[in-house]
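Below is one structure; the comments refer to it alone.
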Amino acid sequence: MKRSQPSKEDLLKEEYVTTLTYFLRDSSVYDCLSINNQVSVVDMTLSLFDTFKIFIDSHVDEVLFWNQEIANYDGVFTQTDLIKTVLKCYYNVLYEIPNIWTTNNIATIIEMENEDESYSPIKRTIYGRLTIDQFNQLLQDFKNISVKVWFNSVGENLHQNCLIKAELDENLNDVCQKFITENITRIIVIEKESKMVAGIIQQKDILSFLVKGFSQYFALKKHQNKTTTIHNEQHELQMEYFKDEATKLQFTLPADIPVYDLFYKLIYIYKRNTIAIVDKYNKYLGLIDRRDFLFILKYQMFDILASTAEKFLSLIKTEDSKYLAYYIRNKEQFTFKQTLKQVVENLLLSPRGSLVCLDNEERVVSIFQISDLFKIFVTDNQNIENSG
């Protein structure tokens, strides 16, 4: 029986990913680390309120904690941690559960926790707005409770075993494998000799580096090898080739879901950065991502947690429209007819780090975020390495 010949797309993808492997091996973390890389370092005794303010004012995705007792970095606090903390504190205040375990209230807390092991309102569905006293109590807790005390209270770990690290001279191929095997989106970069933090590298940094440098590298290798089997532009590879993987990514929530439940599901159930909001006919209304939670903190609009996703979506669209850059950068949709390069560039320009593909009836076909694209390529890269 005659063996079927590989298609042009198969040849193109194999050459593309093979060259990608060599490119990543030939590049180091130092090459990829952004010159604008910003690392915010705070003491672990800082209050929750002041920690939240750093996220709002500095537009960072995480802060590192400095432990004076060991004179070293001792943990990381991310946007996910921020959302978890606010949801938990809000829930506790709403249902008159103390936010800090003390000898006076520990028995009461244990009894309440045993009655309802999860603090998700998915189980406890009585919604209401905070009273003035409850609102003031929530703000007081944020200002009085330090990050260290909070994490000790809820029994979660902030310490160094949570920090995945890479050195400046480590090659990007190995770093990419860490992203996948550890299921993380950021890695702390350490200087080899001083052991001090040089920065934080994220998946989007590597994708941005690839967009800038891979084209020239690919063309150079093809010229050196005098390859003529396929066109010189690797970017002709269309997203259609990855449609099977991409169409599995259909994460939506209804417009009438409470905002609290929206973020609870986003963090704990879907474990995604972005979710699409749809109406009762499953038509697309817009995207909400983790960064949008900062809107609630910025304006202290905690009552919006009891409102609907549709109302929240309207508020953040109004907020976004205040900024001219939003209109310039607002790349939100993609099609499978676009090339890989076009999608990557638009993904990096997207204000929410995600793109959505819609059908002719405005229904969601796929929601593609940076980590999805990263996983597809690193997985393909690893598969080719293993088969080589």
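The model shown is predicted, which means the values in this text are computed figures rather than measured ones. Quick note: residue numbers are just sequence positions, from 1.
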Salt bridge or not between [X] and [Y]? Use side-chain N to carboxylate O under 4.0 Å.
X: D57; Y: K53; value: yes
X: R352; Y: D292; value: yes
X: R291; Y: D61; value: yes
X: D372; Y: R272; value: yes

Side-chain heavy-atom pair [X], [Y] within 4.5 angstrom cut-off:
X: C176; Y: I206; value: yes
X: L210; Y: V344; value: no
X: I190; Y: V197; value: yes

### Task
Count the heavy atoms belonging to other residues, nucleotides or ligands that lie under 6.0 Å from NZ of K283, then report whether that count exceeds 12.
no
### Task
Answer yes or no: are there more than 12 heavy-atom neighbours, outside F336 itself, under 6.0 Å from its atom CZ?
yes
Polar side-chain atom of [X] near backbone of [Y] as donor-acceptor pair, under 3.5 Å:
X: S194; Y: M196; answer: yes
X: Q238; Y: K337; answer: yes
X: T318; Y: S314; answer: yes
X: T274; Y: S354; answer: no
X: D256; Y: T308; answer: no
X: T85; Y: D81; answer: yes
X: Q177; Y: D174; answer: no

### Task
Establish, for the pair K143 and F49, whether the NZ or CZ atom is under 6.0 angstrom from the six-membered ring centre and no further than 45 degrees off its axis.
yes
Rounded to the nearest 0.5 Å, how far does [atom2] of [Y] lie from [atom1] of [X]?
X: K84; Y: L87; atom1: NZ; atom2: CG; result: 10.5 Å
X: K148; Y: T45; atom1: NZ; atom2: OG1; result: 8.5 Å
X: F151; Y: S146; atom1: CZ; atom2: OG; result: 10.5 Å
X: L315; Y: M301; atom1: CG; atom2: CE; result: 5.0 Å
X: I201; Y: I164; atom1: CD1; atom2: CD1; result: 14.5 Å
X: F263; Y: I257; atom1: CZ; atom2: CD1; result: 11.0 Å

### F65/L46 under side chain to side chain contact (heavy atoms under 4.5 Å, CB included): CA gap, chis, key distance, verdict
CA-CA 9 Å; F65 288 107; L46 198 68; 5.5 Å; no
### Task
List the steps, then state whether side chain to side chain contact (heavy atoms under 4.5 Å, CB included) holds for T252 with I277.
CA-CA 6 Å; T252 64; I277 305 303; over 6 Å; no
### Query
What is the ring orientation for F55 with F77, classed by angle as parallel under 30°, tilted 30 to 60°, or perpendicular over 60°?
perpendicular
Do [X] and [Y] pair up side chain to side chain, a donor and an acceptor below 3.5 Å, judged on atom types alone?
X: Q333; Y: Y284; result: no
X: S28; Y: D31; result: yes
X: Q137; Y: D133; result: no
X: Q369; Y: S371; result: yes

### Query
Taking the six-membered ring for Trp, is the centroid-to-centroid distance between Y90 and F302 below 6.0 Å?
no
### Task
Run the numbers on F334 and Q342 for side chain to side chain contact (heavy atoms under 4.5 Å, CB included), then give the verdict.
CA-CA 9 Å; F334 79 96; Q342 289 172 327; over 6 Å; no
### Query
So which heavy atom on N99 is nearest to which on C89, and how close?
OD1-CA, 3.3 Å
### Summary
Scanning both residues in full, the closest heavy-atom pair of I200 with I188 reads CG1-CD1, 3.9 Å
### Query
Looking at residues at least two apart in the chain, or sitting in another chain, which of them share a salt bridge (charged side-chain N to carboxylate O under 4.0 Å, His left out) with E191?
none
### Query
Stepwise, does the side chain to side chain contact (heavy atoms under 4.5 Å, CB included) test hold for V86 with F142?
CA-CA 9 Å; V86 175; F142 287 155; 4.3 Å; yes
